[in-house]
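One structure is given below, encoded as structure tokens.
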There are 2 protein chains.
Amino acid sequence: MPTIRDVANRARVSIKTVSRVINDSPMVRESTKERVLKAMKELDYHPNALARSLVTKETRIIGLIIADVTNPYFPELIRGVEDVANDSGYNVFLCNTDENPEKELIYIKLLREKQVDGIILSGSRTSCDQLNPTLTSGIPLVFINRRVKGNKVGMVMLDNFGTAYTAVEYLVSLGHKNIGYLGGSTLGQSNMERKNGFIQAMVDRGLPYHKLIAEGHPGKKGGYNRTLELLDTNRPLSAIFAYDDMLAIGAIEACRERSLSVPEDISIIGFDDIDLAAHIAPRLTTFSVPKYEMGRVAANMLLNMLGKKEFEKEIVYIPKLTIRDSCCQVN
Amino acid sequence: MPTIRDVANRARVSIKTVSRVINDSPMVRESTKERVLKAMKELDYHPNALARSLVTKETRIIGLIIADVTNPYFPELIRGVEDVANDSGYNVFLCNTDENPEKELIYIKLLREKQVDGIILSGSRTSCDQLNPTLTSGIPLVFINRRVKGNKVGMVMLDNFGTAYTAVEYLVSLGHKNIGYLGGSTLGQSNMERKNGFIQAMVDRGLPYHKLIAEGHPGKKGGYNRTLELLDTNRPLSAIFAYDDMLAIGAIEACRERSLSVPEDISIIGFDDIDLAAHIAPRLTTFSVPKYEMGRVAANMLLNMLGKKEFEKEIVYIPKLTIRDSCCQVN
DNA sequence: CTGTTAGCGCTTTCAA
DNA sequence: TTGAAAGCGCTAACAG
């Protein structure tokens, strides 16, 4: 690997001059510049970003911590982050935590050691205590779907409570009374908020909700298993509000397993509007979340913090009810 | 940010001793080690990986270049890479190229500057010429689904030709004679191979294939548009073999648009077996590709190269025909 | 077991 | 417009 010194020798200039053309400073005579450029090409020289970063204190790397790429919720979000990061010459580290706080902490440690300029965390599951050293370390952080107080902290939020409330309203408007909540991770703030919105809406209408809450493992499989429990241990349900679409899809399969047809026997409503939602049978009624947009906004927020520009500390999106075929009028 | 020097001062040892405990060398008295560890904790010290890498010449970062996370083919592959990388303490840079050779080249440049230890490229689209400097630079490369000769090069391949051939055989066994090929990117080697397999199989059976080949833009939309063309400009087709599942799904929509029902009027077979394939209506007959496994294998190959261990330079997977509901007997 | 010194490849004063 | 020297935070010999 050729170094800046090799280029300098070959071009018969000092290393400082080479440095100047790398960072294209205007203080270089055109002819000199060309000589240097030529030498760089001939040597297939690539400036060492490590050495540069060591002195400039910026790596142009951002960390992106998510639960699992394989969950269809994330790819678009990732793409949003990557697109704006790339436009500004940043690279992104992708980190899958499987909603495991320990893994998350390990990643945060790794990212800090690698001196990333900032971190975006989607659905962080670590406790505030564990997060605290990082929070006070001054490294810019953007949380997606988690509210955290701190100086250099941005938040891209969803109105979880309100949306859950809306879900119940919609189901009730269809005549449903026995509604179950199929929850996500108990560690997640967003699950808490959606659950509370659900409960509040039920309480406001004097509807019973206890024992209808199942929280558990994520994904289609988790949804399947939890729904089976819900179905087997509770008075006949007529509707289920699921924490996310994958859970909802698992729920649909569980209903099929118990010979209940959706939506005739039981209505199911999801959350996220992933690609699959529009393609399964029955097509899933759900709440659309602007995943790509949120990724972009989170990355922009982070970049603004890095550039010491002004920025909104918090942006809240309101998911839009997207009615398809998995819910219907009862009686 | 505290440095190794701060820790040394606080623990009243030399920086070398701190360095020893960081890399946990055994040559440190237990009591000293504890003192150092304590100082590190109190300072919330994180070793600067940049400085370390500058001298050790390894970053424990690998680059992963793909077309688009948003294409359901990739998340599992990414996860496979990430899982084995992470197990060995590596981070991965995710790079989306949209099958654009220029973007790919820019990313390669960026990755080399950041001194990544190796790069995995899935479906690389750059020409050999453009790739050459990188190939000869000695940085370990693993290609997924592209054959490239080079010293430090590994390949994780699919039997594209054979699978395409099998697809035609299957369709012919169902009685089909007018079969179209719905192709992927003309820049991609894998598209070339699948097309050739398709052509060979048709020729071997004395079946006409000309004008039935459409190659174009990727994704559902590309599949939709291309299929419309295919349908409108050719003698009645009875079957389509698509380069990938997303294209196939677009094709299904195009058929619906032309009031052709699948599989009664036209059979469609895909490639990849993405999650969606089993969920759409009709459930897609396709070839299953071990995406997660391939990601793992690619990452392991790369890690072996980095560790100077022996390794298979090339592994070939044979996709498995997965029969579902999108193809049926004709006449 | 522990410390001193040099240097990784770059940028940054400060001079020339 | 160009260059010399110092230093970013760490590891690697080599002494002690």
Side-chain angles (χ1 to χ4, degrees), chain A residues 1-37 39-40 43-61 89 109-117 137 139, chain B residues 1-37 39-40 43-61 89 109-117 137 139:
Chain A
M1 288 284 285
T3 74
I4 196 171
R5 193 159 265 113
D6 301 321
V7 178
N9 287 340
R10 179 176 264 266
R12 308 185 147 284
V13 294
S14 74
I15 59 170
K16 177 62 214 181
T17 301
V18 178
S19 173
R20 284 199 183 89
V21 349
I22 292 173
N23 300 287
D24 53 31
S25 140
M27 305 299 181
V28 183
R29 195 190 298 149
E30 198 55 34
S31 64
T32 316
K33 184 171 174 181
E34 276 170 22
R35 228 170 49 246
V36 173
L37 252 18
M40 292 187 356
L43 262 30
D44 188 34
Y45 168 74
H46 289 254
N48 186 326
L50 256 36
R52 189 216 303 266
S53 294
L54 191 55
V55 12
T56 60
K57 292 349 192 164
E58 66 154 29
T59 53
R60 296 191 162 256
I61 300 174
K109 184 162 137 34
L110 220 53
L111 293 175
R112 286 184 60 187
E113 291 186 356
K114 297 240 160 99
Q115 313 297 121
V116 299
D117 291 339
S137 77
I139 183 173
Chain B
M1 287 285 285
T3 76
I4 197 172
R5 193 159 263 112
D6 300 323
V7 178
N9 288 339
R10 179 175 265 264
R12 309 185 145 282
V13 294
S14 73
I15 59 170
K16 178 62 213 180
T17 300
V18 178
S19 172
R20 284 200 183 87
V21 349
I22 290 172
N23 299 287
D24 52 32
S25 141
M27 306 298 181
V28 184
R29 195 190 298 150
E30 197 55 36
S31 63
T32 316
K33 184 171 174 180
E34 277 170 21
R35 226 168 53 245
V36 173
L37 252 18
M40 293 190 350
L43 261 31
D44 187 34
Y45 168 74
H46 289 254
N48 185 328
L50 256 35
R52 189 216 305 265
S53 294
L54 191 56
V55 16
T56 60
K57 305 311 193 194
E58 66 153 31
T59 51
R60 296 193 162 255
I61 300 175
K109 184 162 136 39
L110 220 52
L111 292 176
R112 285 184 61 188
E113 291 185 356
K114 298 238 160 103
Q115 312 297 119
V116 299
D117 292 339
S137 76
I139 183 174

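FYI, side chains are in, hydrogens and waters are out, and symmetry mates aren't considered; it's all heavy atoms of this structure. The shown structure was predicted, so the numbers you read here are calculated from the model rather than taken from an experiment. So you know, we letter chains A, B, ... as the sequences are listed, proteins then strands, and number each from 1.
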Problem set entry | Donor-acceptor under 3.5 Å (A:Asp6 side chain, A:Thr3 main chain) | yes

Exercise. Do you know the tightest heavy-atom contact between B:Asp117 and B:Lys57?
Worked result: OD1-O, 4.4 Å

Problem set entry | A:Thr59 side chain vs A:Ser53 backbone, donor-acceptor pair below 3.5 Å | no

Seminar exercise, completed: Rounding to 0.5 Å, atoms CZ (B:Arg35) and CG (B:Leu37) come to a distance of 12.0 Å

Exercise. Counting any heavy atom closer than 4.0 Å, what does A:Thr32 reach on the DNA or RNA strands: base, sugar-phosphate only, or nothing?
Worked result: sugar-phosphate

Exercise. More 5' along DNA chain C: B:Lys33 or B:Val55, using each one's nearest nucleotide?
Worked result: B:Lys33

For this session: Drop me the distance from A:Met1's CE to A:Asn48's CG, to the nearest 0.5 angstrom.
Result: 6.5 Å

For this session: Would you give the length of the straight line joining atom NZ of B:Lys114 to atom CZ of A:Arg52, rounded to the nearest 0.5 angstrom?
Result: 9.0 Å

Seminar exercise, completed: Assign each of B:Leu54 and B:Ile15 the nucleotide of DNA chain C bearing its closest heavy atom; nearer the 5' end lies the nucleotide of B:Ile15

Exercise. Roughly how bent is the helix from C:dC1-D:dG16 to C:dA16-D:dT1 end to end, in steps of 10 degrees, with each end axis from five pairs?
Worked result: 30°

For this session: Compare every heavy atom of A:Ser137 with every heavy atom of A:Arg112, then report the nearest pair and how far apart it is.
Result: NH2-CB, 3.4 Å

For this session: Examine distances only and state if a side-chain atom of B:Asn23 and a backbone atom of B:Ser25 form a donor-acceptor pair shorter than 3.5 Å.
Result: no

For this session: Measure the spacing between CG of A:Asp24 and OG of A:Ser19 and express it to the nearest 0.5 Å.
Result: 11.0 Å

Exercise. Along DNA chain C, 5' to 3', what are the outermost nucleotides having an atom less than 4.0 Å from a heavy atom of chain B?
Worked result: C:dC1 to C:dG9

Problem set entry | Beyond-backbone contact of A:Val13 with A:Val21, side-chain heavy atoms, under 4.5 angstrom | no

Exercise. What are the 5'-most and 3'-most nucleotides of DNA chain D lying under 4.0 Å from any heavy atom of chain B?
Worked result: D:dG9 to D:dA13

